[in-house]
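Following: one structure in structure tokens, then a few remarks.
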Amino acid sequence: MKIHNGIWKLSFGTPESIVPSKQRYVKSPDSEAIEKLPSHEQAPFEFNKIRFSASARGSRLEIPLAQGEDIYGFGLQLKSICHTGKKRCLRVNSDPVTDTGDSHAPAPLYFSTAGYGILVDTARYASFYCGGNKALNPEAAGESGKTSIALDESELYAGKGGVPAPMLIDIPAAQGIDIYVFSGQNMLEAVRRYVLFCGGGALPPEWGLGVWYRTCGTHTQKEVTKMAEDLRSAGIPCDVLGLEPGWQSKAYSCSLDWSKERFPEPEKMTESMIKQGYHVNLWEHVFIHPSSPIYKDLADKSGDFEVWNGLVPDLSIKDAASKFSSYHAKALLKKGISSFKLDECDNSDFITSPWSFPECSKFPSGADGEQMHSMLGLLYQEAIEDACRSQGIRSYGSVRSSHVFAAPQPYVLYSDLYEHKDFIRGLVNCGFSAMLWTPELRHAASKEDYIRRLQAMLLSPQMLLNIWSMPNPPWMQLNKELNRAGQFLPEDEQKELLKYTKEILELRMSFIPYLYSAFADYHFDGIPPFRALVMDYPDVQELRKIDYAWMAGSSLLVVPFTAGTKEITMPLPPGLWHDFHTGSRHEGSITIKSELDKVPIFVKDNSIIPFADASRFVTNGMKYKLTLRTYGKHPEAARLYADDGFSLHSGKKPEFRGTVDKDGRLSGKLDRRYEIKEIMKF
Ligand code: GAL
């Protein structure tokens with residue numbers, strides 16, 4: 001059944017009652033914006049060729065794939081980008097060991113280079129066989145097969161050839177399933193339909209796009225206060241200070257109240273932070289310690305297993321979610337807190353001491369542990385968002401798990417895993433599922449590793465220095481153990497690291513207007529702010545496997561280096577591209593040599609990049625002084641967005657959207673927030 005322009009819902013058998021589309025976090029589709037997309041009458045493939053069957057095992061779907069289609073998505077995937085031919089088992093897990101589909105935030109959602117996407121409405125750990133397995137068909141027997149004998153394994157197991165196998169989906173337990181199909185003239189348009197179907201993408205407050213610094217887990221009020229003052233006096237940009245477990249009287253599980261010993265005067269501290277221009281973010285997880293003020297309220301609305309001696313509240317129950325969120329509103333948000341880091345709402349199986357609840361747990365809503373693992377991240381985000389909205393706060397936080405329908409939630413995923421290339425791949429992949437991910441910095445193996453990790457966040461959803469495990473700033477000592485032992489780097493090395501740190505963080509601050517406008521395109525038009533190259537150029541074969549570079553906003557292509565890489569040779573997308581820093585022009589294949597102080601960024605021909613004077617932090621409604629960097633012979637006016645940058649507004653406010661042209665003319669009411677200082681031609 002067609003339910004919107006270019007969106008179909010197809011039902012098979014008798015679907016389960018506990019599915020993602022029925023949860024509290026699901027918003028109404030942005031029908032108006034969906035209608036504005038090019039009209040799509042025809043289904044992207046023949047729906048009558050979909051095969052469904054149900055058995056004691058669950059549901060099985062076979063969806064045809066055509067020759068040459070490549071498959072992307074499945075939520076946060078750290079280990080690979082193109083899934084064609086592979087099996088993805090979408091188990092929620094924080095420590096995926098290999099490339100199986102396990103993830104903090106797996107999503108039963110994929111997009112094809114043929115210009116469509118499919119959301120499978122299940123909270124089960126479904127498996128997707130992406131074109132690797134063909135059902136037996138005696139009539140076609142003998143059509144394919146190998147004629148040569150292989151003597152090495154990769155050749156032996158290489159593609160099976162012949163007519164492509166379908167997408168085979170194995171959904172445990174369910175006796176039926178609904179799927180949603182999103183079509184598009186191209187892949188990006190299909191993704192946009194999905195984002196708008198979710199209600200549009202998140203629009204963070206401007207301060208959320210500034211710099212985040214998380215202080216050490218054991219820090220006391222005195223130490224956090226000193227850190228805040230030190231950052232300011234060293235002139236290091238910072239918008240958000242994050243407090244880790246030590247702020248609570250009990251953590252692991254969480255009491256959600258302040259520790260009187262470590263934080264005797266939390267309100268005074270928060271007030272002084274706010275005065276210095278900071279926003280305060282608090283770490284927590286969802287497991288409620290017996291001493292917590294909300295333990296009693298939630299005791300009969302929780303699962304039947306404990307985690308770290310705490311309750312696992314069933315946040316799909318309205319009453320449980322409202323108790324949980326009103327506590328956050330009253331006890332924390334009302335007292336100056338701006339946002340939260342929602343930890344450990346994923347799952348743990350593969351580490352030496354797994355800690356989460358088992359899949360066979362039972363929850364009062366009727367959900368089992370498997371379904372709850374899939375939905376908990378989003379239920380948690382929504383409960384906290386409810387609290388923020390009740391206080392009029394437009395928030396931006398961190399979370400460790402998510403699923404389908406996440407697009408409107410202003411939360412950025414992160415992980416304890418730390419392989420830098422995987423972190424970058426995660427960022428490239430997340431756009432397909434309308435999730436945000438940060439390749440955060442924690443510590444570093446060397447100066448080069450440190451700089452590269454900072455640079456990779458420059459054009460990412462969140463610039464996050466997560467220094468939770470070190471008492472001193474990373475520029476004093478990058479090594480975790482030495483930092484804890486108070487053994488610092490020689491003065492000149494510290495100075496050098498500090499210089500690099502400031503440079504990169506200032507660059508980030510300069511990109512805020514560009515990034516904020518990219519987020520507005522996400523919010524209003526469904527265009528993910530960070531996208532794999534294949535999403536914008538699905539027909540260019542060489543770009544389909546690129547998992548180390550991405551499009552940020554409409555015009556920038558970022559290729560960050562990781563430590564140890566000396567040069568990168570890659571194909572540029574079609575057309576002319578300009579080096580952001582020098583303006584040099586490039587086309588076709590390019591070899592980029594490593595330069596420690598540079599993140600390679602390429603600008604699409606005829607683009608205008610608004611580049612602000614870097615501030616130390618964002619203030620509400622502040623005016624940005626922009627240098628317009630124009631690239632190419634005929635720069636086209638760039639989209640720009642500016643509301644007040646922080647307040648919660650319901651509904652859409654298109655009057656804040658406008659453009660800036662090559663002569664610095666601002667349309668609409670943009671001059672309230674932007675002033676053109678200079679125009680640079682490249
Ligand atoms: C981890 C989290 C880290 C840090 C730590 C504090 O689970 O990923 O970022 O917050 O907990 O105990």
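Values reported hereafter were calculated over all heavy atoms of this structure, with side chains retained and with hydrogens, waters and symmetry mates removed. Order of appearance sets the numbers: ligands from 1, and atoms from 1 within every ligand. Bear in mind the structure is a predicted one, so any value in this text is a computation, not a measurement.
- Nearest non-hydrogen protein atom to atom 12 (O) of ligand 1 is Tyr252 OH, 2.9 Å.
- The two atoms that bring Asn479 and Leu482 nearest to each other are OD1-N, 2.8 Å, heavy atoms only.
- At a 3.5 angstrom cut-off on N or O pairs, Ser415 does not count as close to ligand 1.
- Taking 4.0 Å as the cut-off, Gly217 does not count as a neighbour of ligand 1 on heavy-atom distance.
- For the pair Arg214 and ligand 1, no heavy-atom separation below 4.0 Å is found.
- Between His279 and Trp207, the ring planes are parallel. Angles under 30° get that label, and only those over 60° would be called perpendicular.
- Paired with Asp257 under the rule side-chain contact (heavy atoms from CB on, under 4.5 Å), one option of Trp247, Tyr327, Phe263 passes, and it is Tyr327.
- Heavy atoms of Lys341 approach ligand 1 to within less than 4.0 angstrom.
- With rounding to the nearest 0.5 Å, the separation of OH in Tyr278 from CH2 in Trp212 is 14.0 Å.
- A heavy-atom separation below 4.0 Å is not found between His285 and ligand 1.
- Ring centroids of His328 and Phe324 are separated by less than 6.0 Å, placing the two rings close together.
- Summary of contacts: the protein heavy atom closest to atom 2 (C) of ligand 1 is Asp343 OD2, 3.1 Å.
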Run the side-chain hydrogen bond (donor to acceptor under 3.5 Å, both in side chains) test on Gln462 and Tyr414 for me, step by step, so that the C-alpha distance in whole Å, both residues' side-chain angles and the decisive distance to 0.1 Å come before the verdict. CA-CA 10 Å; Gln462 197 177 46; Tyr414 63 94; over 6 Å; no
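- For ligand 1, the atoms sitting less than 4.0 Å from at least one non-hydrogen atom of Glu344 are 1 (C), 7 (O), 11 (O), numbered in the order shown with element in parentheses.
- When only interatomic distances are considered, the shortest N/O to N/O separation between Glu440 and ligand 1 does not fall below 3.5 Å.
- Below 30°, between 30° and 60°, or above 60°: for Trp437 and His104 the angle between ring planes is between 30° and 60°, a tilted geometry.
- Counting heavy atoms only, Trp468 comes closest to atom 5 (C) of ligand 1 of the residues Tyr414, Trp468, Trp355.
- For ligand 1, the atoms closer than 4.0 angstrom to any heavy atom of Glu244 are 4 (C), 5 (C), 6 (C), 10 (O).
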Step-by-step salt bridge (charged side-chain N to carboxylate O under 4.0 Å, His left out) determination, Asp386 to Arg24: CA-CA 10 Å; Asp386 273 352; Arg24 333 178 22 257; 2.6 Å; yes
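- Short contacts between ligand 1 and Asp416, defined as distances under 4.0 Å to a heavy atom of the residue, involve ligand atoms 1 (C), 2 (C), 3 (C), 7 (O), 8 (O).
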